[in-house]
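Treat the numbers as computed from the prediction; the structure is a model and nothing was measured. Sequential numbering from 1 along the given sequence is applied to the chain's residues.
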Amino acid sequence: MKKIILSIVVLTILSNHLWAQERVKPKIVVGLVVDQMRWDYLYKFKDRYGSDGFKRLQSEGFSVENTYINHTPSKTAVGHATIFTGSVPAIHGITGNSWIERYTGEKVYCVGDTSVRALGINNVKSGDDGDGGQMSPRNLLVNTVADELKLATNFRSKVVGVSLKDRAAILPSGHSANAAFWYDDNSAKFISSTYYMKELPSWVNQFNQKNEPAKLMSQDWKTLYPIKTYTQSSADDVKWEGLFKGHAKPTFPYPLSEIYKVDKSAIRATPFGNDLTLSFAKAAIEGYQLGEGADTDFLTVNLASTDYVGHKFGPNAIEIEDVYLRLDKTIASFLKYLDSKYGKGNYLIFLTADHGVAHSLEFLEENKMPNGQLLMSPLRKSLNEYLEKQFKVKGLIEGTANYGVYFKMDRVEGLDFSLVKQASIRFLEQQAGVLFAIDVDQIGSSPVPEPLKTMVVNGNNRKRTGSILIVPNAGYLDAAKRSGSTHAVWNPYDTHIPLLFMGWGVKSGATNRIYHQNDIAITLSNLLKIQAPNGNVGVPILELLAK
């Protein structure tokens with residue numbers, strides 16, 4: 001009898017132990033989105049990275065080597081929405097950083113919301129990148145994986161989004177986030193809106209009072225290593241690099257204290273903007289006590305300075321190489337902090353990018369590669385004039401955005417709209433630099449190859465995208481200047497992105513199978529054993545989930 005009782009006790013203890021193991025979840029999920037990070041940056045600078053940053057994520061974690069964006073356009077707001085919803089613009093509705101409503105002509109900023117007030121500054125109207133506080137996620141038509149985590153825990157999980165950019169803090173953290181915080185240039189403070197709370201938490205005010213931006217910008221930006229060792233980059237002074245205000249040449253060292261006096265937003269285009277962001281992210285972890293409860297919390301962090309540096313100097317600049325070498329060290333420090341805070345294996349972190357970037361036009365020109373400017377503004381004007389001659393109606397074009405052409409629907413009334421679009425396509429296809437002009441509502445019959453056809457379908461929200469999509473030739477940019485660079489198109493330089501997972505529930509390894517940006521959210525959902533976001537169309541990364 002005693003043996004039977006002892007056996008029951010042992011089985012009960014083992015059963016409870018196994019049950020407890022099955023219930024174990026990570027203390028926190030951290031999503032790092034490095035803005036404008038091309039996949040090849042993992043390898044282009046690999047010999048110069050330390051062992052505790054990008055290399056640690058690769059060696060201890062799981063790398064999805066062929067992760068592609070499968071929608072158009074490849075822009076910041078679109079990428080962030082896609083990563084965290086597992087959806088595509090056709091469904092989640094974020095079709096650009098800004099867009100034109102197809103049927104009303106209204107111009108919309110992706111997270112603009114005049115029904116809320118700014119917190120931390122005077123009630124500045126919604127704008128873009130440090131130009132406003134009237135922001136919310138209401139334009140996002142579906143929920144995020146962070147929202148689903150909230151639902152799965154009866155809203156006990158805490159969710160916070162952080163970025164220098166409003167859209168990159170708001171869209172990833174979702175509709176039910178406890179908070180999203182972004183940086184305001186004029187006040188040099190992190191701010192939020194009344195969508196999330198009535199007033200800023202005291203810890204945010206304390207952080208802002210430290211005046212870290214001014215401290216970070218009190219130093220010169222010198223190369224981390226001797227400048228002659230930056231052999232993966234162009235020379236320090238080339239014609240395709242942009243300038244800081246008040247600084248005559250794009251050359252090191254940059255006197256940041258002088259530049260900051262002229263332009264408070266300049267911190268964004270330095271490596272120290274990333275340092276500021278992760279410093280605030282740590283403050284958010286402590287302020288909200290993230291990862292200290294019984295349920296998993298979620299922190300989304302966008303490292304935006306890589307994007308600003310890339311836009312200003314282009315991907316072949318010493319400035320880009322230096323910002324990634326410094327970011328490698330900054331990420332290493334952040335991982336060490338997470339180890340200390342939660343213990344290795346108790347947190348789940350993933351790193352990816354919202355989009356990549358094209359080479360600078362002047363760089364391509366000098367190296368005899370195809371390139372050119374495809375400027376939407378003069379093209380729109382010429383198209384309007386052409387259509388007026390054809391149909392005797394003035395101003396048929398409402399505008400262009402994200403390579404889409406929008407028509408004034410009230411002026412199209414009385415005309416055969418299909419003939420107007422056909423005439424527009426004939427005109428556009430004759431223009432230099434135009435590869436395709438596509439009637440997006442007739443994409444099924446368009447002579448467009450895959451995967452571009454699917455990308456156009458995925459990007460076509462019938463209320464928020466243009467009726468015609470212009471696809472430029474490779475290397476052609478809608479850029480008024482030939483210095484610096486930009487992104488937005490389907491080509492691999494804009495759409496091949498890194499994807500690394502590490503920590504709780506992740507075995508080390510890699511896959512060369514093709515996956516997509518919208519496969520991230522459902523993979524996280526599978527790991528966390530929660531429902532996929534309600535607009536998800538992605539598939540789980542099976543090699544990562546295999547035990």
Side-chain angles (χ1 to χ4, degrees), residues 26-39 41-42 49-50 52-64 67 76 79-84 144-146 159-165 167-174 177 180-183 271 273-285 290-291 296-310 323-339 341-342 344 347-356 497-506 517 520-521 523-524 527 544:
K27 293 181 178 180
I28 189 171
V29 178
V30 179
L32 288 181
V33 180
V34 183
D35 216 307
Q36 202 189 103
M37 184 175 181
R38 294 163 52 121
W39 167 82
Y41 290 166
L42 285 175
Y49 291 148
D52 299 323
F54 291 118
K55 283 183 179 178
R56 179 183 170 190
L57 290 168
Q58 288 178 291
S59 63
E60 293 185 20
F62 192 91
S63 179
V64 187
T67 304
T76 295
H80 281 84
T82 300
I83 290 165
F84 289 91
T144 68
V145 63
V159 175
V160 179
V162 174
S163 174
L164 296 180
K165 296 181 178 181
R167 55 187 178 268
I170 292 169
L171 296 170
S173 53
F181 300 99
W182 55 95
Y183 185 71
N274 289 332
D275 294 339
L276 176 65
T277 303
L278 283 177
S279 179
F280 187 83
K282 292 177 187 177
I285 288 173
L290 298 181
T296 301
D297 294 328
F298 206 126
L299 174 68
T300 73
V301 182
N302 165 246
L303 298 167
S305 287
T306 42
D307 184 66
Y308 293 104
V309 174
V323 82
Y324 274 93
L325 296 181
R326 289 176 180 273
L327 178 59
D328 179 60
K329 290 182 176 295
T330 301
I331 288 174
S333 177
F334 186 62
L335 294 176
K336 186 177 180 181
Y337 164 79
L338 295 176
D339 290 341
K341 180 74 176 175
Y342 304 114
K344 286 187 177 182
Y347 62 90
L348 169 62
I349 188 168
F350 69 94
L351 181 147
T352 189
D354 50 351
H355 54 73
I497 55 175
L499 178 57
L500 306 169
F501 295 82
M502 189 190 81
W504 181 91
V506 177
Q517 190 178 58
I520 298 171
T523 302
L524 291 170
L527 284 167
L544 170 62

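Atom NZ in Lys336 sits 10.5 Å away from atom NZ in Lys344 (nearest 0.5 Å). Interatomic distance, CD1 of Ile83 versus CD of Gln517, reported as 4.5 Å (0.5 Å rounding). Atom CG of residue Leu303 and atom CD1 of residue Ile331 lie 6.0 Å apart, to the nearest 0.5 angstrom. In this structure, CZ on Phe501 lies 7.5 Å from CG on Leu348, to the nearest 0.5 angstrom. The distance from the CE atom of Met37 to the CG atom of Leu32 is 11.0 Å, given to the nearest 0.5 Å.
Taking the six-membered ring where the residue is Trp, Phe84 and Phe350 present tilted rings, their angle falling between 30° and 60°.
For NZ of Lys329, the number of neighbouring non-hydrogen atoms (other residues, nucleotides, ligands) closer than 6.0 Å is 12 at most.
Look at Arg167 and Asp354 and you find no salt bridge, because none of the NZ, NE, NH1 or NH2 atoms lies under 4.0 Å from a carboxylate O.
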Test log, rule side-chain contact (heavy atoms from CB on, under 4.5 Å), inputs Ile349 and Leu57 | CA-CA 9 Å; Ile349 188 168; Leu57 290 168; 4.1 Å; yes
Evaluate the side-chain contact (heavy atoms from CB on, under 4.5 Å) criterion for residues Leu351 and Phe54: first the C-alpha distance (whole Å), next the side-chain angles of each, then the deciding distance (0.1 Å), finally the verdict.
-> CA-CA 9 Å; Leu351 181 147; Phe54 291 118; 3.9 Å; yes
Should Leu164 and Leu276 be marked as a side-chain contact (heavy atoms from CB on, under 4.5 Å) after you check the CA-CA gap, both sets of side-chain angles, and the distance that decides it?
-> CA-CA 9 Å; Leu164 296 180; Leu276 176 65; 4.3 Å; yes
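Scanning all heavy atoms of the two residues, the minimum distance from Gly273 to Ser305 falls at CA-OG, 3.1 Å. Minimum heavy-atom separation, Thr306 to Asp35: OG1-O, 2.6 Å. Closest approach of Ser163 and Asn302 over heavy atoms only: OG-OD1, 2.7 Å.
Judged by a 6.0 Å distance limit and a 45° cone about the ring axis, Lys282 is positioned over the six-membered ring of Tyr337.
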